[in-house]
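Report on the following structure.
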Number of protein chains: 2
Amino acid sequence: MPAVSKPPAKNLRPAEPKAAAPSSSKAMKETAAAAAVVAERERRRLQMADIARLAGVSVSTVSRALSGSTLVNAETRQRVVELARSLNYTINQGAQNLRMQKNRTIAVVVPYDSTSRQHISDPFFLAIVGSIADALTDRGYEMLLSRVDSEKLDSAGASYDAGRVIGVIIIGQWRHHDQLNEMAARHVPLVVWGAEMPQQLYCTVGGDNHDGGYQATRHLIKGGRKRILFLGDPQLPEVRWRHQGYLDALKEAGIKFDRQWLLDVPFEEAAARRRLDEAYRDGLSFDGVVACSDLLALQAVRAVRATGRRVPGDVSITGYDDAPLAAWSDPPLTTVHQPVDEAGRRIVEALLAQVEGEPPRSRTMPVNLVVRKSTVG
Amino acid sequence: MPAVSKPPAKNLRPAEPKAAAPSSSKAMKETAAAAAVVAERERRRLQMADIARLAGVSVSTVSRALSGSTLVNAETRQRVVELARSLNYTINQGAQNLRMQKNRTIAVVVPYDSTSRQHISDPFFLAIVGSIADALTDRGYEMLLSRVDSEKLDSAGASYDAGRVIGVIIIGQWRHHDQLNEMAARHVPLVVWGAEMPQQLYCTVGGDNHDGGYQATRHLIKGGRKRILFLGDPQLPEVRWRHQGYLDALKEAGIKFDRQWLLDVPFEEAAARRRLDEAYRDGLSFDGVVACSDLLALQAVRAVRATGRRVPGDVSITGYDDAPLAAWSDPPLTTVHQPVDEAGRRIVEALLAQVEGEPPRSRTMPVNLVVRKSTVG
DNA sequence: ATGAAAGCGCTAACAC
DNA sequence: GTGTTAGCGCTTTCAT
């Protein structure tokens with residue numbers, strides 16, 4: 001190679017020099033063993049060039065061997081693969097991804113709502129995360145889990161813009177319809193666990209909230225209840241649908257809805273209890289409660305019992321989600337079961353479809369009422 | 001540029017050509033707007049070169065501007081930053097990491113044990129995952145969550161070897177002491193939620209299991225119980241310690257342990273129930289149960305009640321973990337509270353210390369007994 | 001204050 | 001069947 005065609009090599013190392021390598025490339029003709037020892041001593045991360053040197057072949061050959069290419073001699077391949085194995089060498093995924101323009105990582109975001117304080121520790125959300133993790137693992141994708149302030153949801157989009165992930169899953173839509181729409185408009189592959197809304201650009205997967213609210217209410221009515229409270233915050237899309245189902249069930253039974261029956265509490269236990277106590281103090285009279293989570297329902301149970309009344313004797317109460325707790329509580333809760341296991345699969349399915357370029361398709365899954373002892377009928 | 005000094009450019013694109021760019025570099029002097037439009041139309045991911053072209057500066061300048069370097073003219077910086085902002089451009093993290101040799105992601109692995117079937121959906125493990133996610137987020141790290149067959153735990157090490165993550169957190173040690181030791185011997189920064197064991201190379205963070213078992217048992221004894229079963233599988237390190245604590249409490253009270261009192265069931269509900277029913281059938285007589293999870297305890301409650309006996313009247317029962325469910329169950333469980341919130345912080349702390357090169361330091365956190373209604377005393 | 005160019009660890013087209 | 005080399009999208013030294 002004529003000297004004119006290439007400037008002398010310069011020292012352009014990144015901050016951390018990878019190794020105190022001899023400066024002359026000729027001095028690098030060390031023996032395999034020695035090189036391994038050096039690499040180990042320096043505690044530098046092994047790389048393809050090391051394997052190549054040790055195996056006495058070029059990096060291309062190593063690359064081909066490790067990818068199982070038939071272009072490389074079977075025996076050579078064997079040797080390289082075993083060498084890599086024995087040294088615990090694994091292809092640097094970052095470099096590979098960069099070169100191949102591939103990526104199999106999905107962001108899963110659990111927003112925390114500064115107002116309602118229901119965050120990642122919510123058992124139902126955690127269960128969904130688990131279910132998504134399973135579905136993703138099954139399909140060979142990786143999951144990057146993070147918490148994000150729900151006011152800054154778009155920071156979830158940033159990890160997409162940064163090429164860090166190829167799609168985003170958000171657990172719960174809260175009040176952030178607009179932010180979500182914006183992300184979708186930017187073509188971030190996105191699936192949100194929640195309820196379908198009018199004028200929605202993004203894709204949601206969720207339970208049938210209208211039917212959930214309807215079934216629970218209908219069940220109470222069938223049990224002879226006529227003054228039924230609704231416990232939840234209808235500002236949240238999921239809750240709004242449940243409330244609509246509740247209203248429809250009332251109407252169907254010819255029961256006129258009383259504004260006072262709506263107890264718009266956030267997903268927070270203490271607030272629910274306070275709100276119920278207030279209702280009693282205000283002389284509100286009721287014989288049924290449709291709550292928007294199992295924990296809320298149990299708070300209602302406590303509030304009712306605190307007045308000397310009985311559940312379900314005097315007041316029937318339904319929960320929502322069918323968390324493990326619902327089956328074991330006192331009383332065991334009649335509750336709307338959400339299909340957590342299916343949820344993970346559906347969410348992942350919907351996301352990967354978008355990654356493949358298909359248009360977003362929302363999906364509503366059926367829910368079913370599990371009747372236990374917190375209601376009569 | 002003399003032709004001799006450089007071979008003609010060849011087409012060495014990776015599989016997906018990034019854009020149908022004009023072949024002459026002179027033709028690339030498009031206007032800013034046009035370029036943006038093209039990039040958008042091609043739906044190619046924006047990159048630094050695009051921003052550079054649009055801003056009329058070199059990529060180096062863009063790089064410097066975006067990193068807030070003072071080496072760049074304040075006004076230029078402003079312009080570049082705003083341009084990037086308005087186009088939702090974000091530095092490609094993969095490329096940046098590769099170049100800078102940095103990485104802030106941590107693998108969190110929830111093994112599933114094919115034998116006992118307790119897997120990622122276990123509420124307690126999920127809660128720990130949530131707690132770790134919080135701690136990691138707080139410190140600016142990312143979390144890669146995955147499930148792994150506990151027989152192939154070392155695949156967790158692979159993502160370290162691949163440079164994908166800089167450390168690994170494993171939730172639950174199960175029976176895989178040896179595999180974990182191996183990983184640690186390979187210097188994979190590693191923290192395991194579990195119990196400390198003799199001859200352990202890896203770092204564990206966990207509750208004080210001996211004390212948990214001891215406190216629960218002691219509480220039963222104080223309540224006058226003398227024939228106390230232990231429900232759990234002592235093959236698991238955590239359970240082994242709890243059992244030891246149980247034995248020590250018995251000995252201290254001068255109660256002789258009867259081999260039959262050990263009901264070695266895995267963390268699986270159905271099995272626990274079956275085992276208890278068998279015990280009754282075999283004529284085993286007992287007045288207390290120390291269970292190794294809240295769910296196990298509740299199964300015990302059912303089994304006891306199924307014989308017409310009462311809890312805690314005839315049999316006192318303690319749980320373990322203090323899951324949300326324990327407070328609401330029937331009866332509310334006396335149980336050993338595990339410090340979930342602190343757990344996440346401690347685990348992350350221990351891991352990052354290792355990443356910084358410090359030697360592994362295990363940590364045992366205090367636990368405390370929460371007395372409710374499933375025991376007398 | 002800015003630009004040119006090398007190289008992070010890898011893959012694949014091209015030459016032999 | 002194997003080696004050489006360009007380049008994935010960045011950062012940083014060096015030169016200006």
Side-chain angles (χ1 to χ4, degrees), chain A residues 1 5-19 21 44-52 55-77 80 89-103 161-164, chain B residues 1 5-19 25 44-53 55-77 79-80 89-103 161-164:
Chain A
M1 174 191 300
S5 72
K6 257 204 168 167
K10 291 165 194 169
N11 182 6
L12 285 184
R13 298 233 166 89
E16 291 258 302
K18 43 182 283 193
R44 173 174 61 91
R45 198 168 239 102
L46 226 44
Q47 55 190 76
M48 214 173 247
D50 299 310
I51 307 294
V57 295
S58 73
V59 288
S60 342
T61 302
V62 174
S63 173
R64 287 192 272 252
L66 293 180
S67 71
S69 161
T70 53
L71 276 164
V72 59
N73 184 308
E75 187 219 316
T76 315
R77 183 166 67 221
V80 169
Y89 169 76
T90 306
I91 291 174
N92 181 308
Q93 242 197 81
Q96 189 181 48
N97 287 353
L98 180 58
R99 171 64 223 225
M100 300 184 71
Q101 308 272 268
K102 76 163 197 199
N103 181 341
D161 293 326
R164 185 88 181 75
Chain B
M1 173 191 301
S5 73
K6 255 204 171 169
K10 289 168 196 168
N11 182 6
L12 286 185
R13 298 233 167 89
E16 293 256 302
K18 45 181 282 194
S25 72
R44 175 173 60 93
R45 198 168 239 103
L46 227 43
Q47 55 190 79
M48 215 172 245
D50 299 308
I51 306 294
R53 204 164 349 103
V57 295
S58 72
V59 290
S60 333
T61 302
V62 174
S63 173
R64 288 192 270 251
L66 293 179
S67 71
S69 160
T70 53
L71 276 163
V72 61
N73 184 309
E75 187 218 315
T76 315
R77 182 166 65 221
R79 198 156 43 88
V80 169
Y89 169 76
T90 306
I91 291 174
N92 181 307
Q93 242 197 79
Q96 190 181 48
N97 287 353
L98 180 58
R99 173 63 225 223
M100 300 183 72
Q101 308 273 272
K102 75 162 196 198
N103 181 341
D161 293 325
R164 185 90 183 73

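Lettering follows sequence order; numbering is per chain, from 1.
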Exercise. Among all residues two or more places apart in sequence or in another chain, which pass the side-chain hydrogen bond (donor to acceptor under 3.5 Å, both in side chains) test with B/Asn103?
Worked result: none
For this session: Tell me, please, which residues at least two apart from B/Arg164 pass side-chain hydrogen bond (donor to acceptor under 3.5 Å, both in side chains).
Result: A/Gln93, A/Thr105, A/Glu142
Under 4.0 angstrom between [X] side-chain N/O and [N] OP1 or OP2:
| X | N | answer |
| --- | --- | --- |
| B/Gln101 | C/dG7 | no |
| B/Gln47 | D/dG9 | yes |
| A/Tyr89 | C/dG9 | no |

Distance in angstrom units between [X] [atom1] and [N] [atom2], rounded:
| X | N | atom1 | atom2 | result |
| --- | --- | --- | --- | --- |
| B/Arg79 | C/dT2 | CZ | C1' | 12 Å |
| A/Arg99 | C/dG7 | CZ | P | 18 Å |
| B/Arg53 | C/dG3 | CZ | P | 14 Å |
| A/Lys102 | D/dG9 | NZ | C1' | 17 Å |
| A/Arg164 | D/dC10 | CZ | C1' | 15 Å |
| A/Met48 | D/dT2 | CE | C1' | 15 Å |

Exercise. Who passes side-chain contact (heavy atoms from CB on, under 4.5 Å) against A/Asn92, sequence neighbours left out?
Worked result: A/Ala95
Problem set entry | Contact residues, residues 60-73 of chain A to DNA chain D [heavy atom, < 4.0 Å] | A/Ser60, A/Thr61, A/Arg64, A/Leu71, A/Val72, A/Asn73
Exercise. Got a sec? Which of residues 91-98 of chain B come in under 4.0 Å of DNA chain C, heavy atoms?
Worked result: B/Leu98
Seminar exercise, completed: Between its two end axes (five pairs each) the helix from C/dA1-D/dT16 to C/dC16-D/dG1 turns, nearest 10 degrees, through 50°
Problem set entry | B/Val80 vs B/Arg77 side-chain heavy atoms within contact, under 4.5 Å |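 Not in contact.
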Can you give each donor-acceptor pair under 3.5 Å made by side-chain atoms of residues 59-67 of chain B, sequence neighbours left out, with the distance rounded to 0.1 Å?
from	atom 1	to	atom 2	distance (Å)
B/Thr61	OG1	B/Ser58	OG	3.2
B/Ser67	OG	B/Ser63	O	3.3
B/Ser67	OG	B/Arg64	O	3.1

Problem set entry | Reported CG-to-CZ distance for the pair A/Asp50 and A/Arg45, which is rounded to 0.5 angstrom | 12.5 Å
Problem set entry | Between CG on residue A/Leu98 and CZ on residue B/Arg99, distance to nearest 0.5 Å |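 Those atoms lie 12.5 Å apart.
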